[in-house]
Amino acid sequence: MNPNQAAAYQALQQAQQALKAGDKPSARHFAEQALRAAPELEEPWLMMAAMASPRASVDYLQRALQINPASERAQKGMAWAMERLKKASASLDAARPPGLFFP
């Protein structure tokens, strides 16, 4: 493991601790640090996906799958993210007044 990867794993540990404490802004900060330190690792992308909006989760998980196409965690995460995206889209459609077009 190179020094950047070691720093990334340390930042991921801090992100997990922040999440357990309910501090999402700090968790995101540490996960972003991990991404900057070692974008070639799958784990920071998975962490970011877990905290992101439905659309961003899909993007993060696509990156994780590029790194490790056989990743069971990323594949399960993608199914979860696609379901969230579908639900978010459905709730937006339901909130639109009938007869109005929104691009």
Side-chain angles (χ1 to χ4, degrees):
M1 180 180 319
N2 69 42
N4 287 345
Q5 290 174 338
Y9 282 114
Q10 183 177 5
L12 284 172
Q13 286 181 326
Q14 291 173 302
Q16 289 172 340
Q17 290 171 352
L19 268 181
K20 285 180 185 177
D23 186 356
K24 283 187 178 183
S26 291
R28 185 172 186 81
H29 168 78
F30 289 122
E32 288 171 347
Q33 274 186 338
L35 276 179
R36 285 191 299 275
E40 72 279 6
L41 295 176
E42 172 188 2
E43 290 82 2
W45 297 102
L46 295 173
M47 175 70 74
M48 290 297 293
M51 297 183 288
S53 68
R55 176 73 244 162
S57 290
V58 170
D59 294 339
Y60 290 130
L61 289 161
Q62 285 175 338
R63 182 71 169 116
L65 286 166
Q66 287 174 352
I67 293 167
N68 182 4
S71 171
E72 192 173 315
R73 291 186 309 158
Q75 291 170 6
K76 286 181 180 180
M78 184 60 81
W80 167 79
M82 294 302 290
E83 186 62 30
R84 287 178 66 215
L85 191 58
K86 188 185 338 176
K87 286 179 182 176
S89 178
S91 67
L92 281 177
D93 289 343
R96 290 184 181 145
L100 294 179
F101 174 74
F102 292 91

From CA spacing to verdict: side chain to side chain contact (heavy atoms under 4.5 Å, CB included), Arg28, Lys24: CA-CA 6 Å; Arg28 185 172 186 81; Lys24 283 187 178 183; over 6 Å; no
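- Closest approach of Asn4 to Ala37, counting heavy atoms only: CB-O, 3.1 Å.
- Between Arg84 and Ser53 the shortest heavy-atom distance is NH2-C, 3.8 Å.
- For the atom pair CD of Gln13 and CD of Glu43, the computed distance is 11.5 Å after rounding to the nearest 0.5 Å.
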Met51 vs Leu19, side chain to side chain contact (heavy atoms under 4.5 Å, CB included): CA-CA, chis, key distance, verdict: CA-CA 9 Å; Met51 297 183 288; Leu19 268 181; 4.0 Å; yes
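- Leu61 and Leu41 fall into different hydrophobic clusters, where Ile, Leu, Val, Met, Phe, Trp and Tyr are joined by side-chain heavy atoms under 4.5 Å apart, directly or via other members.
- Among all heavy-atom pairs drawn from Ala31 and Met47, the shortest one is CB-CG, 3.6 Å.
- The minimum heavy-atom distance between Pro39 and Ile67, with the atom names listed, is O-CD1, 3.5 Å.
- Met1 and Leu46 fall into different hydrophobic clusters, where Ile, Leu, Val, Met, Phe, Trp and Tyr residues are linked whenever their side-chain heavy atoms come under 4.5 Å apart, directly or through other members.
- Proximity of a side-chain donor or acceptor of Glu32 to a complementary backbone N or O of Pro44 within less than 3.5 Å is not detected.
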Trace of the side chain to side chain contact (heavy atoms under 4.5 Å, CB included) decision for Gln33 with Gln10: CA-CA 10 Å; Gln33 274 186 338; Gln10 183 177 5; over 6 Å; no
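- In this structure, Ser57 and Ala52 approach most closely via the heavy-atom pair OG-O, 3.4 Å.
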Steps toward side chain to side chain contact (heavy atoms under 4.5 Å, CB included) verdict (Glu42, Arg63): CA-CA 8 Å; Glu42 172 188 2; Arg63 182 71 169 116; over 6 Å; no
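- Closest heavy-atom contact between Ala18 and Ala27: CB-N, 3.6 Å.
- Using a 4.5 Å heavy-atom cutoff, the side chains of His29 and Gln14 are not in contact.
- Tyr60 and Leu65 are members of different hydrophobic clusters when ILVMFWY side chains are connected at heavy-atom separations under 4.5 Å.
- Comment: Arg55 engages Asp59 in a salt bridge, judged by a side-chain N to carboxylate O separation of less than 4.0 angstrom.
- Met82 has its side chain out of reach of Lys86: every pair of non-hydrogen atoms, C-beta onward, lies at least 4.5 Å apart.
- Trp45 places a side-chain heavy atom less than 4.5 Å from the side chain of Leu35.
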